[in-house]
Amino acid sequence: MIQKTPTQTQQRLQKKSYCIMEDIYGVTVVPKEDLQLQLQLQPQKPSPFRLKLRVPDVGRALQDMAKTREAGEFLSGALAGAMTKAILAPLETIRTRMVVGVGSKTIHGSFVQIIEKQGWQGLWAGNAINMLRIVPTQAIELATFEHVKRVMTTAQEKWNQSESPKLQVGQLSLSFSLSWLSPVAVGGAAAGIVSTLVCHPLEVLKDRLTVSHEIYPNLSIAVHKMYKDGGVGAFYSGIKPTLMGMLPYSTCYYFMYETLKKSYCVTKKKESLTRVEMLLIGAFSGLTASTISYPLEVARKRLMVGALLGKCPPNISAALAEVVREEGMMGLYRGWGASCLKVMPSSGITWMFYEAWKDVLLAERRKSKTQISTQG
């Protein structure tokens with residue numbers, strides 16, 4: 001057995017490092033190795049403060065958002081609008097020319113003039129900007145209508161279950177109730193206003209490209225020239241008459257469609273309409289709404305392109321008076337036939353495509369609701 005000499009032990013102690021620990025009771029010298037071993041044996045308590053940096057999962061958020069009802073309705077409206085406008089662009093071109101008084105006063109005459117001057121491509125003049133306009137317009141309009149209708153219906157149900165809010169003025173008590181409001185009518189009005197405020201500049205560009213193709217041959221030139229001549233305000237030319245015309249049209253349009261659809265389903269004891277029935281009811285709703293609001297549409301078009309023709313009325317009343325003075329009362333419905341040829345198929349096809357896309361995009365949501373109701 002080998003014994004360590006005192007010299008070797010002293011050398012090893014000298015190599016060992018120590019840690020000095022001091023508190024109110026005194027000073028203690030502890031070897032660092034022993035202290036580290038003791039700390040390793042003791043269970044570590046988690047710190048109450050932790051800083052974690054997590055990168056948001058954008059892809060997951062977009063997927064979750066795409067599955068919502070609002071996103072499905074928005075996308076359905078965009079797809080329905082794009083498909084409808086691709087089919088009916090020639091009728092839209094003819095209608096716009098007749099409304100603002102450019103060229104022939106008949107549908108056949110306008111058709112022939114466009115073919116002679118611009119060829120078949122002229123029937124789709126401004127169709128690129130028309131597509132850029134109609135996709136966001138229909139998406140915003142239909143999504144807004146559905147959302148506001150649901151919100152109003154929920155508010156009415158809550159107010160019917162509980163007592164309506166009251167305002168006490170002295171001995172007079174005023175009760176506020178939403179029962180007299182139609183959620184469909186309010187949703188239709190909101191849809192028209194919101195979509196007009198957002199997409200009106202695209203409507204102005206489309207009209208300039210359609211009516212004055214020589215001055216505005218393409219979209220980039222039209223945007224540059226309009227901004228140079230009138231600034232941002234040029235893109236909102238005629239916004240007031242547009243809102244005045246859109247309000248009665250959209251209110252009547254959505255109210256007619258929803259009312260006719262509901263009444264027909266109740267009469268026939270059906271849960272939903274067929275595609276052909278959607279087409280017919282949508283077409284009739286568009287015809288009714290267009291007939292009621294058409295004089296305001298004529299005045300709106302005159303104000304929007306009046307500067308190009310050298311006669312721009314100061315307001316919508318002056319525009320209506322000018323039409324009656326020059327063409328009589330029938331002038332308020334000039335181009336109504338062409339407008340009906342465009343509005344009726346457009347309304348019917350839009351509703352048919354919209355309901356079809358909703359069935360596809362919201363199919364999973366409806367299945368889950370059906371399963372929940374069955375389990376309950």
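Given the structure is predicted, the values throughout are model-derived calculations rather than measurements.
- For Lys262, the NZ atom sits in a loose shell: 12 or fewer heavy atoms of surrounding residues, nucleotides or ligands are nearer than 6.0 Å.
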task: Evaluate the criterion salt bridge (charged side-chain N to carboxylate O under 4.0 Å, His left out) for residue pair Arg150 and Glu73; output intermediate values, then yes/no.
output: CA-CA 13 Å; Arg150 281 196 299 271; Glu73 292 166 349; 2.8 Å; yes

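- In this structure, CZ in Phe284 is found 12.0 Å from OG in Ser347, a value given to the nearest 0.5 Å.
- Between Lys261 and Glu277 there is no salt bridge, since no side-chain N of the basic residue sits under 4.0 Å from a carboxylate O of the acidic one.
- With hydrogens and angles ignored, the 3.5 Å screen pairs no side-chain donor or acceptor of Thr144 with any backbone N or O of Ala191.
- For the residue pair Glu297/Tyr333, the side-chain donor-acceptor check at 3.5 Å is not satisfied.
- Two residues are said to be in side-chain contact when any heavy atoms from C-beta on lie closer than 4.5 Å; Leu79 and Gln138 fail this criterion.
- No more than 12 heavy atoms of other residues, nucleotides or ligands sit less than 6.0 Å from atom CZ of Phe255.
- Looking only at distances, no side-chain donor or acceptor of Tyr257 sits under 3.5 Å from a matching main-chain atom of Ala283.
- Between Trp351 and Phe145, the ring planes are perpendicular. Angles over 60° get that label, and only those under 30° would be called parallel.
- Judged purely by distance below 3.5 Å, without hydrogens or angles, the side chains of Glu141 and Tyr253 never pair a donor atom with an acceptor atom.
- Arg275 CZ to Asp359 CG: the interatomic distance, rounded to the nearest 0.5 Å, is 4.5 Å.
- Considering all non-hydrogen atoms of both residues, Ile292 and Cys252 come closest at CD1-SG, 3.7 Å.
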